[in-house]
Every structure is written in structure tokens, then in C-alpha cells.
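These notes are about the structure you will find just below.
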Amino acid sequence: AQTVTQSQPEMSVQEAETVTLSCTYDTSESDYYLFWYKQPPSRQMILVIRQEAYKQQNATENRFSVNFQKAAKSFSLKISDSQLGDAAMYFCAYRSIAPPLVFGKGTRLSVIA
Amino acid sequence: EAGVTQFPSHSVIEKGQTVTLRCDPISGHDNLYWYRRVMGKEIKFLLHFVKESKQDESGMPNNRFLAERTGGTYSTLKVQPAELEDSGVYFCASSQYITGENEQFFGPGTRLTVL
């Protein structure tokens, strides 16, 4: 069975600085998808960024980018120029060709003004 | 476009009582999923509907949990009788397709507390 591990329960970053959230996963499949979801306090989870395993190029979405290392089974999220609105719970998730999503335990990110 | 909605947002019940959670997916989304997060743990998959049919219910913890999706629209998740370990946040998600990079859109969750 696939597993996702987020080893940082909590992280903090100064406003305007850069922070990297770690995620590793375990799978025997060669084709899959990886996601980072963000859940702000008392709000619903939204997709931040996604990566297809067959694509070597790392995905980017504005200030958010990933470092996808397929051989190492690592999928970290980098947030540049952190903003107060980035404070949230971040979940790393894995998905095979078909559902469901397999999640990590999450990392709570605090942004310090 | 309205997102995924869930009702109620919070529910506090006594052990042994029954609770029914409701999820309204995004209109047109055939795929509906239920997930649960117990405090401090991972978000775990419960089951997946395609229209009104249960595609995968491998994550349902036991027969105290009953999910339905009548007419392929909204879904309900009933817990009867509730136990202390059922406490957690229940998330619903929906997607138009299941293959490729198709995104699952999540609702805000229902926080269930069993006393």
C-alpha cells in the first residue's frame, strides 16, 4: 500500500521569506500523481499544486513550486515570498492512476509578520 | 459555480446515538468521495461513488457506517450507533473524472464529536 510521510508537524516562516515543506512517499508504481493541498483555518482544502510522475519538470504555480525527486520518492513544496495568507495546514497527497488520494499527516505553517 | 458543501459543519452527539452527514457535490460531478481525519492522524479515504453506485468502499471502518447517494446527486453518511473513536472531521470531495490529473474538490468538512 502507498504511504505518504510529512515529517514536519509544524513550521514557521517570516513574512517575505522562503520555506520548504517536506514530503516523502512510498509506492511500487511508476505512474502516479502528487498533490499539495492547503487548508486555511476553518476553511476548506484547496489544491495548491500538482505533479505528474512521468513529467521530469518540476511544477510551479506563482510563488509555489515543488522539488520532485522520483528516485528518492520525495516531493517537497517551496513557498517563496511568504505571505500572511499562506498560514494554513498543508497536506501532501499521492494518487495512483485512479482514486483515492492518500494523504500525509499534514504540516501546520505559521507566517510571522 | 458553487463548491462542495457539507452539512452540518459541527455535530456533537452522545455515544450510541445516530448522526447523518450530508454532502452536496459540485453540479455535474459524477464522482463523490468521503474521507475522514481523526485528530492528529492522516486524512483517510472512506469510499467513492460514481453517480449512485459505490465504486470503492474499502475504507469504510465497519458496518456502523452507511453511505448513500440516491439519484447520483447528494450523498449522506450515517453513523449508527456512534462510538467515541468516530470523532473526527469528515470531508467530502467531488470530481468530474477520475483519471489523469483530475482534481478532487473538497468541502469544508463536518466536525463530529462523540461524547
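None of the values given here were measured: they were computed from a predicted structure. Just so we're on the same page: letters track the sequence lines, and every chain starts at 1.
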(request) Give, as side chain, backbone, both or neither, the part of Y97(B) having an atom under 4.5 angstrom from any heavy atom of chain A. (result) neither
(message) Any heavy-atom pair between the side chains of Q39(A) and F91(B) that's under 4.5 Å?
(response) yes
(message) Could you check whether atom NZ of K78(B) has more than 12 heavy atoms from other residues, nucleotides or ligands sitting under 6.0 Å from it?
(response) no
(request) Tell me the residues of residues 105-114 of chain B whose non-hydrogen atoms fall below 4.5 Å from those of chain A, in number order. (result) F106(B), G107(B), P108(B)
(request) Calculate, to the nearest 0.5 Å, the distance between atoms OH and CD belonging to Y33(A) and E103(B) respectively. (result) 14.0 Å
(request) Taking atom CZ of F7(B) as the centre, report whether more than 12 heavy atoms of other residues, nucleotides or ligands fall under 6.0 Å from it. (result) no
(message) Check for me, please, whether L84(A) and Y90(A) land in the same ILVMFWY cluster - side-chain distances under 4.5 Å, paths through other members count.
(response) yes
(message) According to side-chain contact (heavy atoms from CB on, under 4.5 Å), who are the partners of Y74(B), at least two apart in sequence or on a separate chain?
(response) R22(B), D24(B), T76(B)
(message) Tell me whether the count of non-hydrogen atoms from other residues, nucleotides or ligands lying under 6.0 Å of CD in E85(B) goes above 12.
(response) yes
(message) Do Y90(B) and M45(A) sit in one hydrophobic cluster, given that two such residues count as connected whenever their side-chain heavy atoms are within less than 4.5 Å of each other, even indirectly?
(response) no
(message) If you count heavy atoms of other groups shown closer than 6.0 angstrom to CD of Q56(A), is the number above 12?
(response) no
(request) Evaluate whether atom CG of N62(A) has more than 12 neighbouring non-hydrogen atoms of other residues, nucleotides or ligands under 6.0 angstrom away. (result) no
(message) Between R37(B) and F91(A), does the side chain to side chain contact (heavy atoms under 4.5 Å, CB included) criterion hold? Intermediate values first, please.
(response) CA-CA 12 Å; R37(B) 185 179 187 220; F91(A) 293 98; 3.9 Å; yes
(request) Give a yes or no on whether R43(A) atom CZ has more than 12 heavy-atom contacts from other residues, nucleotides or ligands under 6.0 Å away. (result) no
(message) Could you check whether atom NZ of K78(A) has more than 12 heavy atoms from other residues, nucleotides or ligands sitting under 6.0 Å from it?
(response) no
(message) With a strict 4.5 Å heavy-atom criterion, list every residue of residues 40-60 of chain B that contacts chain A, or say none.
(response) G40(B), K41(B), E42(B), I43(B), F45(B), H48(B), D56(B)
For residues 98-113 of chain A, please give each side-chain donor-acceptor pair under 3.5 Å, one per line with the distance, not counting sequence neighbours.
residue	atom	partner	partner atom	Å
T107(A)	OG1	Q6(A)	NE2	3.4
T107(A)	OG1	Q8(A)	O	2.6

